[in-house]
Amino acid sequence: MFGWLRRRRERVPASRFSETQRTALEARAEDAVRAGDLVAASEALGPLLGDTVVHAHASHLAGIVAFRSGDFAAADTHLVTATATDPAREASWRALVEVREALDRPAAAVEAVRGLLALVPGDADALSGLVRALAAAGRHDEAIEACRMHRLLDWQFDTDRNPAAVLHAQGRLRDAVDLLRNRIAADRANPSLWGYLGCTRQAQAHLDTAIACFREAVTLDAGSPVARRRLARALAAVGELDAALEHHDAAVALVPDDPRAHSDLFAARLYAGWPSREAREAAHRRYDERFGAARFAPESVARPASADGRIRVGYVSGDFREHALMHFLEPVLARHDRGRFEVWCYDRTGQRDAVTARLETMADQWRRVRGDSWDELARRIQDDRIDILVDLKGHFDDSHLPLFARRPAPVQVTWLGYPGTTGLSAVDACLTDDHVAADLRDDYASEAIVSLGPVFACFRPLDCASRPGPLPMAGRGHPTFGCFNDFAKVSPAMREAIAEILRRVPEAHCLVTTVPDGNTRRHLEAFFAERGIDPARVEIRGRGRHDEFLRWHDEIDVSLDSFPCNGRTTTLHSLWMGVPVVTLAGHTHASRVGASILLNLDLADWMAHDVEEYVGIAVRAVTDTRALAALRADLRHRLAVSPIMDETRFSRRLERCYDRLLRAHALSEATEVQEC
């Protein structure tokens, strides 16, 4: 009965090698790998791989050798062994991700990335890898959620403060929701938990729940600028611009020394408008006094222009990826005259993708600088002797204007990404075109307004667009208007205009997209019903993939541009798909983009100057089916041969502008250059 006392304890296998021997063999293998001698590395590792115990580092090195030899399957086996033996081996997880991408095993790559993110939840490269792997595995909804989550948390995944940080980083949002709800049940008065739950629900596109969570966070801690900003952004996404502005104003008041809070407010004002030109100017001057000229005197950071043969132009962006901006920047990167210009890109992109990889081949120098402080990046740009530094972001999300305030380059311009002023006296020029610059009476610019001629950007559509189809109203028996701009841009005044158009054309329908699900759709339906519009005449959809967005143009006859902030990429895609666009031209940069596009296509009669004219143009457009069908058939060709798509000519104009700005700087006359 006491036989168990006589049982022998299982013996733990012992290595055949001493610590000194093992270290020596691994060192030999490492030296051979560095020297590129994979045969010697394999010979050194052989004894360790055949040992009675598993050596994690030897398995890791064997995985590297197999990978470099092209034996991806063996590499996978060795690296799985390394990570199983020592789960804290970050280098092995990174290598395993790379191997599984090479094997084209996206589902397995997802698991490898998640293993890595358990160790480094804030690693931007790993987060990007997760988004790529999820998308490659066909798990598009999870990829979108992860991408949203990363942006909403500003790529900060603090495991000390956020109990769901690792789950957030891994894109496991359902698990994060469960964890956060359990924590909140035990600690309902914790505003941070409510904020993280709000971010998670917003990433899942549950905006109503997200807004409720953010409101709770603000109620519990009204003095939290982070809670205010999160609530403001969510409110703007559902079209509640006035409420969003209240919280943006509150955030600025709480943290007047945080430039991000000011940038958020300025970006929101693009969509809602300013009460007056004077208010716009005063706010931007205060911004410059607080973050620009007063803190970074130009004479303390300016330097002579570089003396080598080519002009060095540096583009700074966090959007070197699949992003609307690349429809306009990629043609320029591809067409730059390399004999005269040296192209440098400073990449602050969080979620890198295949577009990022393609763009990297178009630059002379590509600097990955996400994570650099503004001072570090400014010094790097100075050391690189950049002649002209180009801001592509303005005050939009993840603004890098604090870099430009330090004036690391002798000439600095803002272009393309943001239709408004930076407010910084350190930025010399705002690049635009003749049509936008023709009437900016309600705008304010701290920079010199410099025209690039007829267009301020050239457009390159993707190849996936089908040919424009027949006029939908010819087959349906009724006209259909389309409103495809981001719903945050669909101002109350524009909603009223849509309702009036539908009243005046009783048989017409309207397709409105990018509308968040839930209360926002119900409120929009109620809005039209209150104005006597049958809800059946207004179809509401969310945000589709790019191919879906293009196909939706086959369902509409006329597109309605947003105001006071016009669309640009949306407008150009509508025209490319054969759908004419009605725009309302105002007196600010943001409200004149549509006018610039239409005037370049000789479509001035589609441009209104007030709301009544906007409604009238839309109503008249659908009364002549023959003319509308003819225009639909002609629009793609008209756009293709216009200055908007003349990549070479535009690139030469932009380069002449850079050259003249640099020459003017040398003569201390940059503000006198008004046209390039």
Chemist: If we check ring pair (Phe, Tyr, Trp, His ring centres under 6.0 Å) with His573, which of these qualifies: Trp552, Phe484, Phe549?
Modeler: Phe549

Chemist: Ring centres of Tyr418 and Phe266 under 6.0 Å apart?
Modeler: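 No, the ring of Tyr418 stays outside the 6.0 Å limit from the ring of Phe266, centre to centre.
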
Chemist: In the structure I gave you, are the side-chain heavy atoms of Thr414 and Phe404 within less than 4.5 Å of one another anywhere?
Modeler: no

Chemist: Determine whether Pro419 and His589 make a side-chain contact, defined as any pair of heavy atoms from C-beta on separated by less than 4.5 Å.
Modeler: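 Yes - at least one pair of side-chain heavy atoms lies under 4.5 Å apart.
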
Chemist: Using 0.5 Å steps for rounding, measure from the OG1 atom of Thr513 to the CZ atom of Arg541.
Modeler: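 The distance works out to 8.5 Å.
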
Chemist: Taking the side chain as everything from C-beta on, heavy atoms only, tell me whether Leu392 gets closer than 4.5 Å to Trp415.
Modeler: yes

Chemist: Parallel, tilted or perpendicular: which fits the ring planes of His327 and Phe459, with parallel below 30° and perpendicular above 60°?
Modeler: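 Plane angle between 30° and 60°, so tilted.
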
Chemist: Using a 3.5 Å distance criterion without hydrogens, assess whether the side chain of Thr514 forms a donor-acceptor pair with backbone atoms of Phe487.
Modeler: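 Such a contact is found between Thr514 side chain and Phe487 backbone.
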
Chemist: Just checking, Arg568 and Phe456: is the charged tip under 6.0 Å from the six-membered ring centre and within 45° of the axis?
Modeler: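 No, Arg568 does not lie over the aromatic ring of Phe456.
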
Chemist: Between Asp347 and Arg352, does any NZ, NE, NH1 or NH2 come within less than 4.0 Å of an OD or OE carboxylate oxygen?
Modeler: yes

Chemist: Check whether the ring centres of His284 and Trp274 lie less than 6.0 Å apart, and answer yes or no.
Modeler: yes

Chemist: Hey, are Arg652 and Asp337 close enough for a salt bridge, meaning a charged N less than 4.0 Å from a carboxylate O?
Modeler: no

Chemist: Using 4.0 Å as the upper bound for N to carboxylate O, is an ion pair formed by Asp319 and Lys393?
Modeler: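 Looking at Asp319 together with Lys393, the answer is yes, because their closest N to O distance falls below 4.0 Å.
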
Chemist: State, without any angle test, whether Glu555 and Thr480 hold a side-chain donor-acceptor pair at a distance under 3.5 Å.
Modeler: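 Not at all, the side chains of Glu555 and Thr480 share no donor-acceptor pair under 3.5 Å.
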
Chemist: Does NZ or CZ of Arg531 lie under 6.0 Å from the centre of the six-membered ring of Phe527, at an angle within 45° of the ring axis?
Modeler: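 The answer is yes; both the distance and angle limits are met.
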
